[in-house]
Amino acid sequence: MNNLSNFISRFFRSVHFKIALIFTVITLITLGLVGAFFVNQYSSQLIQSFDDRVTVPSTIKSQLISDLQNSNKKAANQDINQALSTLGDSTDQDYVYVVDKSGVIRGSLTVEMKQLVGQQIDSSISGKKVQSNIYHALSSSKDYVRRFRSKSLGRRYETLTIPLESKPGDRSSTVGVFVYTASMESIYESIANITNMFVGALFIPLLMAIMIGFWMVHLLTRPITELAEQTEQITKGNYSIKNSIKSKDEIGILATQINDLSDTIASETATSNMESDRLNSLLSNMTDGVLAITRDGTITVINQAALDLLHIPRTDKAVGKNISDLLKLVDKKITLRKLFQSIRGFVVEPDGVTLNVVASLVRRQSGFISGAVVVLRDVTRQLKLEDDQKNFVSNVSHELRTPLTSVNSYIETLQEGALTQRKIAREFLGVAHDETQRMIHMINDLLELSRMDQGRTKMDTEAVNFTKFINYVLDRFDVMFKQGHSMHSDNHYKIIRNYDQKKSCYVEIDSDKFMQVVDNVINNAINYSPDGGNIEIGINETDDSIILSIKDHGLGIPKKDLENVFTRFYRVDKSRARKQGGTGLGLAISKEVVEALHGKIRVESTVNVGTTFFISLPKVDTSSSRFDFS
């Protein structure tokens, strides 16, 4: 029902219906005017013909005048009736009678009126209007015509009132009035018949006109409808549809232009989509954050990198917001004008991230600034690297200056005469040798880290039975403890093996470099357990990893230092580390080696309780090893 209602509504609003309606109305008005004119002329002719027929012959008129002047009224009345009888028995003659100048009926053609001869004329006989016309005719010597419909009979009549003058033109000579009342019903029936015939005949040409009108409108609107459908498809993005209109008129020219327009829009849309895809791909793959803002700072476009940098979950959480609020520029007292005018940009720190913000203005051809493109670059790591580089240079300089100063002092002392004292000279040379070895060790570590940073360190990996490998490393430390070669030889150290020493598990490692990692961690455990104690070693397995844990019960590491223990030259206790000959690079190298083997290293520690290092390596699914530590 709704579909039918919508169809009807669309039909009555369509151009098709409006043009057909206009054509039909014009046709109807034209035919109506022509028909009305024709019927009116025909009616006038019929009435004129009727009026011409309703007349009194001059001979009868003269006879009636003569009779009315006769003093013998009885004989005169007979003569009058005789004269009227010569008018015949026409069916249109309903009432024909003569009234003398005193208003008395003197004769009549009709039977009804003959009975009234000799009576005074009144309204009950002729009606008020006819009575009035009779008296006016007697007094003014003018003819009077009146048309009327009888309410009692339901018929239309025309009454002709003619004064009878003995001397024409002299009203005083009026001797009576001739009253002629005739029925006009046949006239009006003829008019009604011709009108009905015309209306009936009008229906067929009107119907043909409507049909021709709709057909012509269809021919006219069909190309317009086709063009409307084509433009609708164009608005939906379908540019492949072409109209088939080939006429040479204005509509044909318009159709050709719409086809050309469709091709142009398709080409421009394809180019625009390609550029949009390129732009979206570029924005999506950029590591820098990019935002497009209006001149008042409202964000209109933002890429994923910017969302990540600002910790915003979705695009709609940023679009429509002001960049000043998003980047907290107000806190830095940075206005949009300053941002737009700055060449190098500003550094802001929203949500703990250090960002360099640079704006590039977007100008129209008129020079009007419509907005800007803002680039966010995460400089947190860059600034940290710069600080690390500064600290690294400072640390290297300090670490090298200390042994060089010591060596220089001893050499100067030897040059000043201590060289002759063999015991002192040997002691000084021993110290100089130790400091030199320490510097060589430090430089070698630095070179090793440099090679790792540059990716020039080659890992000679192989599948190794990890349990046997760890047993081999720990056996070396057991021998060292028994022989008292520890730096804390006065204290008792013991390695506890908290793992199944017979269970085989395999990892792929560079044995020499990973042995250096284990040595570094165990040596740290020894150095930071100056009072001796147990060093616990554990090996655990997960679905895809082998985890080595090395736990001591020494001094522990403060919580504030835990995140820096793998930083180069970082020492928790600098005085103890230097005293023990540490370079501050061992754990940094260990981390680089473990990560090069696709593993991870982390530390947990509690002050005065102890420290545990965890080293996880990918598990290798193999049942044999080419390197057997037995």
Side-chain angles (χ1 to χ4, degrees), residues 459-486 488 491-529 531-557 562 565-566 586-587 589-606 609-630:
M459 291 289 177
D460 186 13
T461 59
E462 60 180 344
V464 173
N465 187 327
F466 194 64
T467 305
K468 290 185 177 182
F469 173 80
I470 294 300
N471 284 335
Y472 173 81
V473 175
L474 299 182
D475 288 343
R476 291 169 52 247
F477 277 96
D478 287 339
V479 173
M480 182 180 67
F481 292 154
K482 289 179 181 179
Q483 295 179 354
H485 293 309
S486 170
H488 304 282
N491 300 312
H492 178 71
Y493 293 94
K494 182 178 181 181
I495 292 180
I496 306 298
R497 309 186 190 199
N498 295 327
Y499 59 90
D500 186 355
Q501 300 182 43
K502 295 182 180 181
K503 183 177 180 180
S504 297
C505 55
Y506 292 86
V507 293
E508 191 166 354
I509 59 175
D510 183 322
S511 302
D512 292 336
K513 288 185 172 56
F514 193 75
M515 189 178 297
Q516 181 183 359
V517 172
V518 178
D519 285 345
N520 281 334
V521 176
I522 293 179
N523 280 324
N524 274 346
I526 294 171
N527 293 337
Y528 287 90
S529 301
D531 298 328
N534 296 333
I535 298 174
E536 301 178 15
I537 309 297
I539 298 176
N540 297 298
E541 289 187 59
T542 64
D543 293 338
D544 53 4
S545 300
I546 303 295
I547 302 175
L548 172 67
S549 61
I550 301 174
K551 180 178 181 181
D552 65 56
H553 299 277
L555 301 175
I557 302 172
L562 279 176
V565 294
F566 298 105
L587 289 179
I589 293 175
S590 298
K591 182 180 180 183
E592 295 286 346
V593 171
V594 171
E595 290 180 350
L597 295 172
H598 309 292
K600 294 180 181 179
I601 183 170
R602 63 184 181 88
V603 60
E604 294 178 359
S605 182
T606 304
V609 174
T611 302
T612 304
F613 282 86
F614 297 93
I615 302 172
S616 63
L617 295 170
K619 185 191 298 185
V620 176
D621 185 15
T622 181
S623 59
S624 63
S625 174
R626 291 168 291 169
F627 186 57
D628 188 7
F629 293 92
S630 56

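Everything quoted here is computed from the prediction, not taken from an experiment.
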**OP:** Would you indicate whether the side-chain heavy atoms of Lys551 and Glu604 approach each other to under 4.5 Å?
**Re:** no
Original post:
Is there side-chain contact between Asp544 and Lys619, with at least one heavy-atom pair below 4.5 Å?
Top reply: no
Subject >> Residues which pass side-chain contact (heavy atoms from CB on, under 4.5 Å) with Ser590, listed by chain and number, not counting sequence neighbours >> reply: Val517, Asn520
**OP:** Give the minimum heavy-atom separation between Tyr499 and Ile539, together with the two atoms involved.
**Re:** CB-N, 3.7 Å
Subject >> Closest non-hydrogen atom pair between Ser616 and Val594, with its separation >> reply: O-CG1, 4.4 Å
Original post:
Does any non-hydrogen side-chain atom of Phe469 lie less than 4.5 Å from one of Val507?
Top reply: no
Subject >> Side-chain touch Arg497/Leu474, heavy atoms, less than 4.5 angstrom >> reply: yes
**OP:** State, to 0.1 Å, how close Ser605 and Leu562 come at their nearest heavy-atom pair, and which atoms those are.
**Re:** CB-CD2, 3.8 Å
Original post:
Quick one: which of Ile615, Asn498, Thr612, Val521 gives a side chain to side chain contact (heavy atoms under 4.5 Å, CB included) with Ser549?
Top reply: Thr612
Subject >> N-O pairing of Lys468 and Asp475 below 4.0 Å >> reply: no
Original post:
What is the distance from atom NZ of Lys502 to atom OG1 of Thr467, rounded to the nearest 0.5 Å?
Top reply: 13.0 Å
Original post:
If you round to the nearest 0.5 Å, how far is CG of Leu548 from CZ of Phe614?
Top reply: 10.0 Å
Subject >> Close side-chain approach of Asn523 and Phe477, heavy atoms under 4.5 Å >> reply: yes
Subject >> Gap separating the CD1 atom of Ile470 from the CD1 atom of Ile546, nearest 0.5 angstrom >> reply: 10.5 Å
Subject >> Asp510: side-chain contact (heavy atoms from CB on, under 4.5 Å) partners, not counting sequence neighbours >> reply: Met459, Asp460, Asp512, Lys513
Original post:
Which heavy atom in Phe514 sits nearest to a heavy atom in Phe466, and how many Å separate them?
Top reply: CE2-CE1, 3.5 Å
Subject >> Ile495 CD1 to Ile526 CD1 distance, which is reported to the nearest 0.5 Å >> reply: 6.5 Å
Original post:
Between atom OG1 of Thr611 and atom CG of Leu555, what is the distance when rounded to the nearest 0.5 Å?
Top reply: 8.5 Å
Original post:
Tell me, do Ile535 and Ile537 make a side-chain contact under 4.5 Å, heavy atoms counted?
Top reply: yes
**OP:** Looking only at non-hydrogen atoms, find the nearest pair between Leu597 and Glu508 and report the distance.
**Re:** CD2-O, 4.2 Å
Subject >> Value rounded to 0.5 Å, distance of CZ in Phe613 from CZ in Phe566 >> reply: 5.0 Å
